[in-house]
Protein chains: 2
Amino acid sequence: MLAEERQQRINEHLREKEFCTLKELSDMLKVSVSTVRRDINFLKSTGILRRTHGGARLSEQVEIEGSHPLVPNATVRSELKECIARYCASLIEPGQTVIMDGGSTVFSVARHLVPKHPIVITNSLPISNLYSTYRQVEVHVTGGVVYPRLGVLTGPNAVEGFSKIHADVAIMGAGGLDVQDGVTNTHALLIDMQLAMIRAARKVIFCMDSTKLGAKSLFFLCSADQVQTLVTNDDANPAIVAALRKKGVDVHLVSC
Amino acid sequence: MLAEERQQRINEHLREKEFCTLKELSDMLKVSVSTVRRDINFLKSTGILRRTHGGARLSEQVEIEGSHPLVPNATVRSELKECIARYCASLIEPGQTVIMDGGSTVFSVARHLVPKHPIVITNSLPISNLYSTYRQVEVHVTGGVVYPRLGVLTGPNAVEGFSKIHADVAIMGAGGLDVQDGVTNTHALLIDMQLAMIRAARKVIFCMDSTKLGAKSLFFLCSADQVQTLVTNDDANPAIVAALRKKGVDVHLVSC
DNA sequence: GAAGAATTTGGAATTATTTGCAAGAAAAAA
DNA sequence: TTTTTTCTTGCAAATAATTCCAAATTCTTC
């Protein structure tokens, strides 16, 4: 294998895992730790990663490039989000066509989805950007106007983009899910978009951390019984979970 | 087998695999490693690939700032590019509708364009991403399939996105501009795109550093006399500049 | 078509680079 | 502290690049 190919695979691996040890890379690439160390040092000099003892960590800059508005969120509950994301990715079959929403949780899912070689349809710039270095993932981007803070494409073009397609799965986020008031979101512009996504997908998976259960945002998206699958943490309020299940929602509780 | 046929097969092979070793090609083409090396060196001079130790790598012609950190390319001529970009931005009136191509030079222009509060239409993910934090810039993104490595949206959706609009200016890059052979670019998929952009814009500005004057890439875009405005460095070959001006091109020479 | 020139090809010798290994230094962990 | 792990450094083997040359091929020219 060529040196540069190795370095690219290290880069890709890091983008998925965020952190990894030299031994891990050495095993993966079937080269000595010395060689990995040299590669890592080179990559460090380019600025894409930061060295740690025994390993390397994706440098924040690159993260920001891929997900700028989503970063500040990556604080307290980020571990939990990662667990949800990992689990949610495991629900996807290799090669499936997947619609992906904007939003930080869905973005995390995106990172874990690379090995499944999916065909992705998205209106999220961060997700498009994340995948733009991978050849394994085919990404279709809807057109539309950039909604500044969220990095999401909106408007009639974007909605139209989803009206022409059929996907296996849609992975969605939302601002809140209440048994009475259903799924709600924070931005009116996103609602049309998400409705179009739901219509285009055979199966819809909502990913949200447990703090969003029982919460309400400003704008109504759909009622609770229209949610097919929900992935959340296992510290979710049991009463809400029970009520949702009674409404026919397939609730997956993820433990970390 | 003819040399040219060999080189084309190397090109095709690389487009699939992105990387390959000389031995791999030598086996595939049933010629000696020496010959493969010569072919590779020739292809390198045309710019379609980059050499690495033991092999070759498909060159990411239009390097995306930040997105592909493995390319230390953005060093030598980057100052010159900045000058071109700054000047090119000065040609834009505040509030104009601007179509922006993918490509590193155009990306640099994008950075300088923020104070003009333009309305931007683009198929470039890096540019979309750049502006997604600014509220001053309204960005319309065409839909399409992400072309890996370039971060550009391609395909019929993308072309269609430009067919419906009219813009004041299009800012374009290209792989080469030759007096005889006109404007050429490295990727066939980009050609349709760029043609649609040119059609949609009242005025077309090509930005390219002087090394691209007289250069030829694989795919034909348009003839030299169809270029309205060209912005390049003042170290451009005077003979070429004169010939272009004779053909009616408005050549702007930028000194740093 | 044939002789000669020009080009292309494959290979050998030399030089340069990369890789893996090992011993001592440095840093984390126990 | 000691023990373990990781890092650095120097070195030798493996691998690749460069240069040069001869054989093979193609192109001119008569």
Side-chain angles (χ1 to χ4, degrees), chain A residues 1-62 79 256, chain B residues 1-61 63 68-76 181 214-216 218:
Chain A
M1 188 187 291
L2 297 170
E4 217 168 319
E5 189 174 355
R6 240 172 22 228
Q7 287 158 16
Q8 174 156 329
R9 289 194 54 190
I10 291 173
N11 183 8
E12 289 175 1
H13 188 73
L14 261 178
R15 264 163 206 257
E16 271 179 60
K17 304 258 297 174
E18 201 160 342
F19 174 83
C20 65
T21 65
L22 298 193
K23 189 158 282 177
E24 195 182 326
L25 292 171
S26 160
D27 290 347
M28 182 179 91
L29 301 166
K30 309 257 190 297
V31 290
S32 73
V33 179
S34 292
T35 303
V36 170
R37 187 170 282 124
R38 273 183 273 250
D39 284 337
I40 290 279
N41 283 338
F42 170 77
L43 290 172
K44 176 193 160 191
S45 75
T46 73
I48 82 150
L49 56 78
R50 219 151 35 87
R51 286 275 356 225
T52 65
H53 278 266
R57 153 158 270 135
L58 197 60
S59 78
E60 295 84 348
Q61 270 195 338
V62 175
E79 240 83 327
C256 284
Chain B
M1 186 186 292
L2 272 61
E4 212 166 323
E5 188 179 350
R6 240 171 23 227
Q7 286 158 17
Q8 177 159 335
R9 289 193 55 190
I10 292 173
N11 185 6
E12 286 166 6
H13 189 72
L14 260 179
R15 259 157 220 276
E16 275 181 51
K17 304 253 299 174
E18 187 161 3
F19 295 97
C20 65
T21 65
L22 297 192
K23 189 159 284 178
E24 195 181 326
L25 292 171
S26 160
D27 290 348
M28 183 180 91
L29 301 166
K30 308 261 189 295
V31 290
S32 74
V33 178
S34 292
T35 303
V36 170
R37 187 170 281 124
R38 273 184 274 251
D39 285 337
I40 289 280
N41 282 337
F42 169 76
L43 290 172
K44 173 193 160 190
S45 74
T46 73
I48 82 153
L49 56 78
R50 218 149 42 82
R51 288 265 11 216
T52 69
H53 233 86
R57 176 196 182 138
L58 196 59
S59 77
E60 48 286 308
Q61 266 304 314
E63 6 36 313
H68 234 289
L70 297 181
V71 190
N73 206 344
T75 46
V76 193
D181 294 336
K216 297 168 203 172
L218 269 167

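Fair warning: this is a prediction, and the values are worked out from it, not measured in the lab. In the text below, chain A, chain B and the rest are named by the order of the sequence lines, each starting its count at 1.
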Check side chain to side chain donor-acceptor pair (under 3.5 Å) between [X] and all other residues, then give those that pass, not counting sequence neighbours.
{"X": "A:Thr52", "value": "none"}
{"X": "B:Gln8", "value": "B:Glu12"}
{"X": "B:Asp181", "value": "B:Lys216"}
{"X": "A:Thr21", "value": "none"}

Query raised in the report: For A:Arg9, what residues pass the side chain to side chain contact (heavy atoms under 4.5 Å, CB included) criterion, not counting sequence neighbours?
Result: A:Met1, A:Met28, A:Leu29
Query - side chain to side chain contact (heavy atoms under 4.5 Å, CB included) partners for A:Ile40, two or more places apart - result: A:Ile10, A:Leu22, A:Leu25, A:Val36, A:Leu49, A:Arg51, A:Ala56
Report summary line: With B for base contact, S for sugar-phosphate-only contact and - for none (protein heavy atoms under 4.0 Å), nucleotides 19-30 of chain C reads BBB-----SS--
Requested in this report: Output yes when B:Glu18 and B:Arg57 qualify as a salt bridge under the 4.0 Å nitrogen-oxygen rule, no when they do not.
Outcome: yes
**Report entry** Inter-axis angle, terminal five-pair segments of the helix from C:dG1-D:dC30 to C:dA30-D:dT1 [nearest 10°]
**Finding:** 40°
Report summary line: Applied to residues 24-40 of chain B, the salt bridge (charged side-chain N to carboxylate O under 4.0 Å, His left out) test, sequence neighbours excluded, yields B:Arg6-B:Asp39, B:Lys17-B:Glu24
Query raised in the report: With sugar-phosphate meaning primed atoms plus P, OP1 and OP2, does B:Thr52 contact a base, only sugar-phosphate, or nothing at under 4.0 Å between heavy atoms?
Result: sugar-phosphate
Report summary line: With a 4.0 Å cut-off (strictly under) to non-hydrogen atoms of chain A, the first and last hit nts on DNA chain D, 5' to 3', are D:dT6 to D:dT8
